[in-house]
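Computed from a predicted model, the values in this text were never measured in an experiment.
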Amino acid sequence: MAGPAGRLEAILMHPERPPRAAAVVCHAHPLHGGVMHFKVVFRAAKALQEEGLAALRFNFRGVGRSEGVHDEGRGEQDDVRAALDEVERRFPSLPVVAGGFSFGSSMALRAGCADPRVRALFALGFPLSMLSETSYLQACTRPRLFVQGAADTYGGAEAIRGLVSALPEPKSVVVVPGADHFFGGHLDELQEAVRAWAARRPWESA
């Protein structure tokens, strides 16, 4: 698909029936091995697909076959917007959802909270301790899901609950007991949390 720094490698997962919504799913930090094929990213997209969403995964600039170079989270927000453009072009009548894993969750929330096309958002392994500020979340009143490992080194159970409790409604948080940042050994719980959230069609209440 077309991106602001060149072509972006992407995979679009279609549901078995006509889609009820379309989603963009963003991957972890490009400089730490993040790619759209990460298990967490795939599982999230699979959960959305199971609930009737078309799910677009893509590689940020400079990752895999995507053109361009890493831009410290600035241009990557533009990449998210390009992915939103793509799903809007392919599914012009459908509501749009955006989310991601780790670095990708912060990029999706930053771009998505500012984009009126995005009706609901999700953050998996939100890297709280790595972010200089999260004030942009305070103005975001679209439905948001946070799924976090209780033992996440970038923000465990207490940290994520503290963050989410201060945010405006509607919001939900799922803390997976025993899970680390990558949800190792807990991918089924992660996938079910995303699936159950999507089953409630949060984009309809935005």
Side-chain angles (χ1 to χ4, degrees), residues 1 10-27 36 40-58 77-102 104-126 134-148 160-161 163-176 183 187-206:
M1 72 182 184
I11 295 174
L12 179 61
M13 297 167 63
H14 292 271
E16 292 183 359
R17 52 195 181 277
R20 61 178 59 160
V24 169
V25 187
C26 306
H27 68 71
M36 65 176 172
V40 171
V41 177
F42 173 77
R43 289 292 198 104
K46 189 69 176 174
L48 296 169
Q49 182 189 39
E50 288 173 355
E51 288 301 324
L53 284 79
L56 180 74
R57 293 179 285 142
F58 72 97
Q77 292 176 57
D78 293 331
D79 294 345
V80 177
R81 284 185 274 271
L84 293 171
D85 291 343
E86 183 69 15
V87 296
E88 183 182 45
R89 182 181 69 81
R90 289 175 177 264
F91 308 102
S93 63
L94 295 183
V96 175
V97 176
F101 168 53
S102 194
S105 70
S106 66
M107 293 297 100
L109 289 178
R110 275 190 172 275
C113 283
D115 194 318
R117 296 175 295 183
V118 178
R119 303 289 299 278
L121 300 127
F122 63 92
L124 315 173
F126 192 62
T134 57
S135 60
Y136 60 93
L137 294 175
Q138 295 294 334
C140 192
T141 56
R142 274 155 282 173
R144 285 138 296 141
L145 168 70
F146 292 82
V147 184
Q148 201 85 351
I160 196 67
R161 287 191 176 115
L163 171 75
V164 176
S165 67
L167 299 180
E169 296 287 350
K171 66 207 175 181
S172 55
V173 60
V174 175
V175 175
V176 180
F183 296 92
L187 289 166
D188 288 346
E189 294 102 307
L190 167 94
Q191 184 171 339
E192 174 56 23
V194 176
R195 189 210 61 76
W197 178 74
R200 299 195 294 270
R201 301 191 184 193
W203 53 86
E204 293 182 354
S205 61

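Separation of atoms CE (M13) and NZ (K46) is listed at 5.0 Å; rounding is to 0.5 Å. Going from atom CG of D115 over to atom CZ of R110 covers 15.0 Å, rounded to the nearest 0.5 Å. Within the model, atoms CZ of R201 and CH2 of W203 stand 6.5 Å from one another, a figure rounded to the nearest 0.5 Å. Atoms CG and CZ, on L124 and F101 in that order, are 8.0 Å from each other to the nearest 0.5 Å. Rounding to the nearest 0.5 Å gives a distance of 9.5 Å between CD of Q191 and CG of L48. For the atom pair CZ (R195) and CG (D188), the distance works out to 12.5 Å, reported to the nearest 0.5 Å.
The closest side-chain heavy-atom distance from L56 to M1 is below 4.5 Å. Side-chain contact check for F126 versus L137: some heavy-atom pair is nearer than 4.5 Å. In this structure the side chain of S172 reaches within 4.5 angstrom of the side chain of R200, judged on heavy atoms. In this structure the side chain of F91 never reaches within 4.5 angstrom of the side chain of V96, judged on heavy atoms.
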| said: If you apply the rule side-chain contact (heavy atoms from CB on, under 4.5 Å), what do you find for E192 with E189, and how did you get there? | reply: CA-CA 5 Å; E192 174 56 23; E189 294 102 307; 5.8 Å; no

- Evaluate the criterion side-chain contact (heavy atoms from CB on, under 4.5 Å) for residue pair L167 and Q138; output intermediate values, then yes/no. CA-CA 6 Å; L167 299 180; Q138 295 294 334; 3.5 Å; yes

Test side-chain contact (heavy atoms from CB on, under 4.5 Å) on F122 and V25; report intermediate values, then the result. CA-CA 9 Å; F122 63 92; V25 187; 4.0 Å; yes

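The minimum heavy-atom distance between Y136 and S106, with the atom names listed, is OH-O, 3.9 Å. Of all non-hydrogen atoms in A23 and V87, the two that sit nearest each other are O-CG1, 4.1 Å. In this structure, C140 and P168 approach most closely via the heavy-atom pair O-CG, 3.4 Å. Across A98 and A108, no two heavy atoms sit closer than the pair C-CB, 4.3 Å. Scanning all heavy atoms of the two residues, the minimum distance from V176 to V147 falls at CG2-CG1, 4.1 Å. Scanning all heavy atoms of the two residues, the minimum distance from P202 to W197 falls at CD-O, 3.2 Å.
Heavy atoms from other residues, nucleotides or ligands lying under 6.0 Å from CD of E16 number 12 at most.
Put simply, the side chain of R144 gets close to the backbone of R142: a donor and an acceptor are under 3.5 Å apart. Of the possible donor and acceptor atoms, none in the side chain of R20 sits under 3.5 Å from a partner among the backbone N and O of G52.
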